[in-house]
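First comes the structure, then the notes that go with it.
Just so we're on the same page: letters track the sequence lines, and every chain starts at 1. Excluded from the calculations below are hydrogen atoms, water molecules and symmetry mates; all remaining heavy atoms, backbone and side chain alike, are included. Treat the numbers as computed from the prediction; the structure is a model and nothing was measured.
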Amino acid sequence: MASLPIVQYEEMIIETVENNSIVVIIGETGSGKSTQLSQMLHRRRHSKIAVTQPRRVAAVSVARRVAQELGVQLGEEVGYAIRFEDRTSRNTRIKYLTDGVLLRESLADPELNDYSVIILDEAHERSLNTDILMGLMKRLVKLRPSNLKVLITSATLDGDKVSKFFGECPVLNIPGKLYPVEVLYSKECPVNYLDTALRTALDIHIRQPEGDILIFMTGQDDIEKLVSKLEDEVRALDEGSCMDAVIFPLHGSLPPELQVRVFNPPPPNCRRIIVATNIAETSLTVDGVVYVIDSGYVKQRQYNPSSRMYSLDVVQISKVQANQRAGRAGRTRPGKCYRLYPSQLYHDEFLDVTVPEIQRSSLAGSVLYLKSLDLPDIDILKFDFLDSPSSESLQDALKQLYLIDAIDENGAITSIGRKMAELPLEPSLSRTLMEANNYGCITEALTVAAMLSTETALLPGQSKTEKKRKRPLSNLPDGFGLGDHIQLLQIYERWYQTDYDIGWCKDHGLQVRGMTFARDVRKQLSQILQKIAKEPLDIKTNRKGEEFRRDYRNLRKALCVGYANQLAERKMHHNGYRTLGFRGQMVQVHPSSALSSDELGKFPDYVVYHELIATPRPFMRNLCSVEMKWVIPIINKLNTLNVYKLSGGGMDLVEEESGISDLPKKNVEVSAAADDNESRIQAARERFLARKANK
DNA sequence: GAGCACTGC
């Protein structure tokens, strides 16, 4: 502990914090900022210190270490709070929490008076929640100038930019404890980056001294291909010509028991080669890595507000990401990083920083959250973000909220909206719950919302045979053909009838992690609903053994209201759909859907969908059949949509005549920046695809 | 007739 670089800076840090409300601290990996800053401030103050982390595991493990260093029991002076788990007490003085939990807390107490110090750690990751918190902190220090200190800490954040955002606050640089990493570039872009990664890895294995190799690839597919090629090639090497090698894949959909294999120490005289996604960039740290091979690409989910569609694209990484990857080689001794791209590409084309999540996500939930805070004099379109989302994205969010009654025609939050904001759900689902309560089907709607909160429950597991299996799985409920929401409900009901038997999940090819997560979410949601309801709600744990009416009418009606933004109408003579309202577009039923067609092979005339995904053809994923008479009032509302009023008149917008006309692009600066990102991403993607096709 | 980066309330 004494060797942590940050310790020598204690006096300077304390003095700066005493004299300033906000301080930015740049500390590279290994500086000790996550564990030491809170302790330093704790030694000077007695009231409560909050430290946010973007990830649950980090909040838990850092809290554990600090408790150990202070020699106290975890949950007493030092504790943590993550979703479903609060290990703090009245005595807690240092509290580690995920940034999402702090946002929830600020809903109950917008001034966060419980804390005298708030530390936003890992701010460089620019998670959606961290970005919102930064905006809120800027306001909060003005409201509480005498009794609040805010520290923004980060590994590589652009200190000047953040300092400027916070009114030229001081920036302290703390050196890290990384060993030097030599960076080697390719002369040119590889024709086939999978083969190039393979050759580079073999070359290191044969020629370089011991030390593990970490290879960054984009996804499961490429990882599996590369692992199998590496296995073949390593096996073909002459025995005794070099040391042994074991090869591990590492990605998020790998079952946990296979993920942890990379933390076991390798056998003697054996090199480990780990082929990973960006999960190894921040979430998992593998010790012993000396060589990093960086493909320069990452898979990134992005939301396009003009089509309301998500896509999962392979994009070029940013300079920050490239350096983060390189740093993985220098944790235990000096290392080397092989970049499979020329240095000129890195310097000229890579973005400096990753496009922040707030510019890549649908903002309906975040905007509703901000509205519910009742910040005075706040125009949501002018909220002070470190990097603003495009105005198009904010308007999209407002329109969505209006159509589901969360805000009124003037953009003010409604009483329904206020309740919705309390629920940790996407607005479409929280609105469904509100409506389900009126229709007497809250028990079922809760289950649907919980099941949709985990996308992984139905995903096939790892084995190849399982992978080929189709949904709906033969011996699982089929949703009566009404769609995926109903199927998810029925699956959960069946699981409940087995008393949440883990074996039952495994027998039916369901992911245990996903199912237990759904159970936890359901419990949390029903607790919140009980709390915010005026009178006690009739929520049953579930209806054991009771047969439902086979058409689930009320539940589907409730879904229709919640998903007013996500309606589609089947085209006359075929099975294609057109989305209703905002810039209607042609979409297809995702082949994995449980929705079934009638005896003539036709799908239902109207459906609601959970999301649109371009892969790259546009599909609707997770569908529910609805009826035309439920849809009509929504269409009427669509036609009276007026974005000018919704945004509080604060925007210089031309009035829209109906919900389906295009919006003029305003707020040019912001849009231009976002467009620039988009076109660069697009260009990078094309290059990538071209190279991949070139095999 | 398709495809699953990573987090999180």
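- Here the two rings, on A:Y193 and A:Y341, have centers that are 6.0 Å apart or farther.
- Taking atom CG of residue A:D131 and atom P of nucleotide B:dG8, one finds them 17 Å apart after rounding to whole Å.
- The nearest whole Å value for the distance from the CD atom in A:Q300 to the P atom in B:dC6 is 13 Å.
- Rounded to whole Å, atom C1' of B:dC6 lies 9 Å from atom CZ of A:R55.
- Anti is the conformation of B:dC6, whose glycosidic angle sits further than 90° from 0.
- Salt bridge A:R301/A:E611: present, at least one basic N to carboxylate O contact under 4.0 Å.
- In this structure, the nucleotide among B:dC6, B:dG8, B:dC4 sitting nearest to the side chain of A:T98 is B:dG8.
- The side chain of A:R301 contributes no N or O atom lying less than 4.0 Å from OP1 or OP2 of B:dC4.
- In this structure, of B:dC6, B:dA5, B:dG3, it is B:dG3 that holds the atom nearest to the side chain of A:T615.
- Across all strands, A:S127 comes closer than 4.0 Å to no nucleic acid atom at all (heavy-atom distances).
- In this structure, the side chain of A:H124 engages the main chain of A:A155 through a donor-acceptor pair within 3.5 Å.
- Base engagement by A:R104 is indicated by at least one non-hydrogen atom pair under 4.0 Å involving a base atom.
- Side-chain proximity of A:L312 to B:dC9, B:dC4, B:dT7: nearest is B:dC4.
- By the side chain to side chain contact (heavy atoms under 4.5 Å, CB included) test, A:F84 pairs with A:R56, A:F517, A:D520, A:V521, A:Q524, sequence neighbours left out.
- Per the geometry, CD belonging to A:Q321 stands 11 Å off C1' belonging to B:dC6, to the nearest Å.
- Atom CD1 of A:I223 is separated from atom C1' of B:dA5 by 9 Å (rounded to the nearest Å).
- The NE2 atom of A:H251 sits 18 Å away from the P atom of B:dG3 (whole-angstrom rounding).
- In terms of the side chain to side chain contact (heavy atoms under 4.5 Å, CB included) criterion, A:S596 has no residue partners (sequence neighbours excluded).
- Residue contacts for A:V298: at a heavy-atom cut-off of 4.0 Å it reaches no nucleic acid atom on any strand shown.
- If you check every strand for non-hydrogen atoms under 4.0 Å, A:I279 touches sugar and phosphate atoms only.
- Here B:dG8 presents its C1' atom at 15 Å from CG of A:L363, a figure rounded to the nearest Å.
- Rounded to whole Å, the distance from CZ on A:R325 to P on B:dA5 is 14 Å.
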